[in-house]
Amino acid sequence: MMVNAVYPGTFDPITNGHIDLVKRATKMFDHVIIAVASNPSKQPLFDMQERVRIATEVLADLDNVSVVGFDNLLVEFTQEHNASVILRGLRAVSDFEYEFQLAGMNRSLAPDIETIFLTTAEQYAYLSSSLVKEVARLGGNITKFVPPQVIAEIEQKLS
Ligand code: ADP
């Protein structure tokens, strides 16, 4: 049986924490679809097309991964892509409450889709896209947190 997983998020921008999760997921699922949410209410630094392009470039060496933008209901997007799993990452207890609520809502909307969580690699437990942007804005070094292509994109956007 083929099992495809959708990994949804804002990815503004993709970080080493996201990439680690994707790499681990590629060993568990036949295909992993990174679903980049439009999320205009979050006022992202990069627009959806930019976030899709950056993630595609960064993940180019993984052959069972694709990156797609979306702005419809996540469970609909998941069904449209023949996926039966929604994948999310957990960094800390503080992520749990919201993720639990989201998983419950998605199960109520589409009972056939399972949400599966992978816990963060310890070295990325404190890493988030918003913190990376904050550190970059204040001139801090972000080389440990995002790949070189992403550093170049952030520098260009902030300059
Ligand atoms: P969202 O706006 O949906 O939270 P994000 O791009 O911030 O989108 O995160 C997408 C998913 O990746 C979420 O499940 C989040 O918990 C997970 N994630 C983010 N950063 C990390 C990390 N450092 N380690 C593991 N999972 C992470």
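Each residue takes its place number in the sequence, starting with 1. Numbering of ligands and ligand atoms starts at 1, following listing order. Bear in mind the structure is a predicted one, so any value in this text is a computation, not a measurement.
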message: Before you tell me yes or no, could you show the steps for Arg24 and Asp20 under salt bridge (Lys or Arg N to Asp or Glu O under 4.0 Å), namely the whole-Å CA-CA distance, both residues' side-chain angles and the distance that decides it to 0.1 Å?
response: CA-CA 6 Å; Arg24 285 154 58 204; Asp20 172 70; 2.8 Å; yes
query: Does the pair Lys157 and Glu153 meet the rule for a salt bridge (Lys or Arg N to Asp or Glu O under 4.0 Å), with working shown?
result: CA-CA 6 Å; Lys157 186 65 92 174; Glu153 295 283 349; over 6 Å; no
task: Considering heavy atoms of the protein only, find what lies nearest to atom 14 (O) of ligand 1 and give residue, atom and distance to 0.1 Å.
output: Gly89 N, 2.9 Å
field: Distance from atom 3 (O) of ligand 1 to nearest protein heavy atom, with residue and atom
entry: Arg88 NH1, 3.1 Å
message: Ala125 versus ligand 1: do any nitrogen or oxygen atoms come within less than 3.5 Å of each other?
response: no
- line: Looking only at protein heavy atoms, what sits closest to atom 6 (O) of ligand 1 is Phe11 N, 2.9 Å
Under 4.0 Å to a heavy atom of Glu99 - the qualifying atoms of ligand 1, by number: 14 (O)
- request: Look at atom OH of Tyr126 and say whether more than 12 heavy atoms of other residues, nucleotides or ligands are closer to it than 6.0 Å.
  value: yes
Thr120, any N or O under 3.5 Å of ligand 1 N or O: yes
query: With clusters built from Ile, Leu, Val, Met, Phe, Trp and Tyr whose side-chain heavy atoms come within less than 4.5 Å, directly or transitively, what are the remaining members of the cluster of Tyr98, listed by chain and number?
result: Leu102
message: Tell me whether Lys133 is salt-bridged to Asp12, with the criterion being a basic N under 4.0 Å from an acidic carboxylate O.
response: yes
field: Pro8, portion touching ligand 1 at heavy-atom distance under 4.0 Å
entry: backbone
- prompt: When rounded to the nearest 0.5 angstrom, what is the spacing between CG in Asp71 and CZ in Phe77?
  reply: 10.5 Å
message: Pairs of nitrogen or oxygen atoms closer than 3.5 Å, one from Leu21 and one from ligand 1: do any exist?
response: no
message: Give me the nearest non-hydrogen protein atom to atom 12 (O) of ligand 1 as residue plus atom name, then the distance to 0.1 Å.
response: Tyr7 OH, 2.7 Å
query: Quick one: nearest non-hydrogen protein atom to atom 20 (N) of ligand 1, plus distance?
result: Arg91 NH1, 3.4 Å
- prompt: Which value, rounded to the nearest 0.5 Å, describes the distance between Ile33 atom CD1 and Thr78 atom OG1?
  reply: 8.0 Å
query: For atom 23 (N) of ligand 1, which protein heavy atom lies nearest, and how many Å away is it?
result: Tyr124 O, 2.9 Å
Extract all donor-acceptor atom pairs below 3.5 Å that involve side chains of residues 37-45 and protein atoms in other chains or at least two apart in sequence.
{"from": "Asn39", "atom 1": "ND2", "to": "Thr10", "atom 2": "OG1", "distance (Å)": "2.8"}

query: What do the steps show when you test Gln79 against Asp112 for side-chain hydrogen bond (donor to acceptor under 3.5 Å, both in side chains), and what is the final call?
result: CA-CA 10 Å; Gln79 284 158 345; Asp112 293 342; over 6 Å; no
task: Considering heavy atoms of the protein only, find what lies nearest to atom 19 (C) of ligand 1 and give residue, atom and distance to 0.1 Å.
output: His18 NE2, 3.4 Å
- prompt: Which heavy atom of the protein is the closest neighbour of atom 2 (O) of ligand 1, given with residue, atom name and distance?
  reply: Lys42 NZ, 2.4 Å
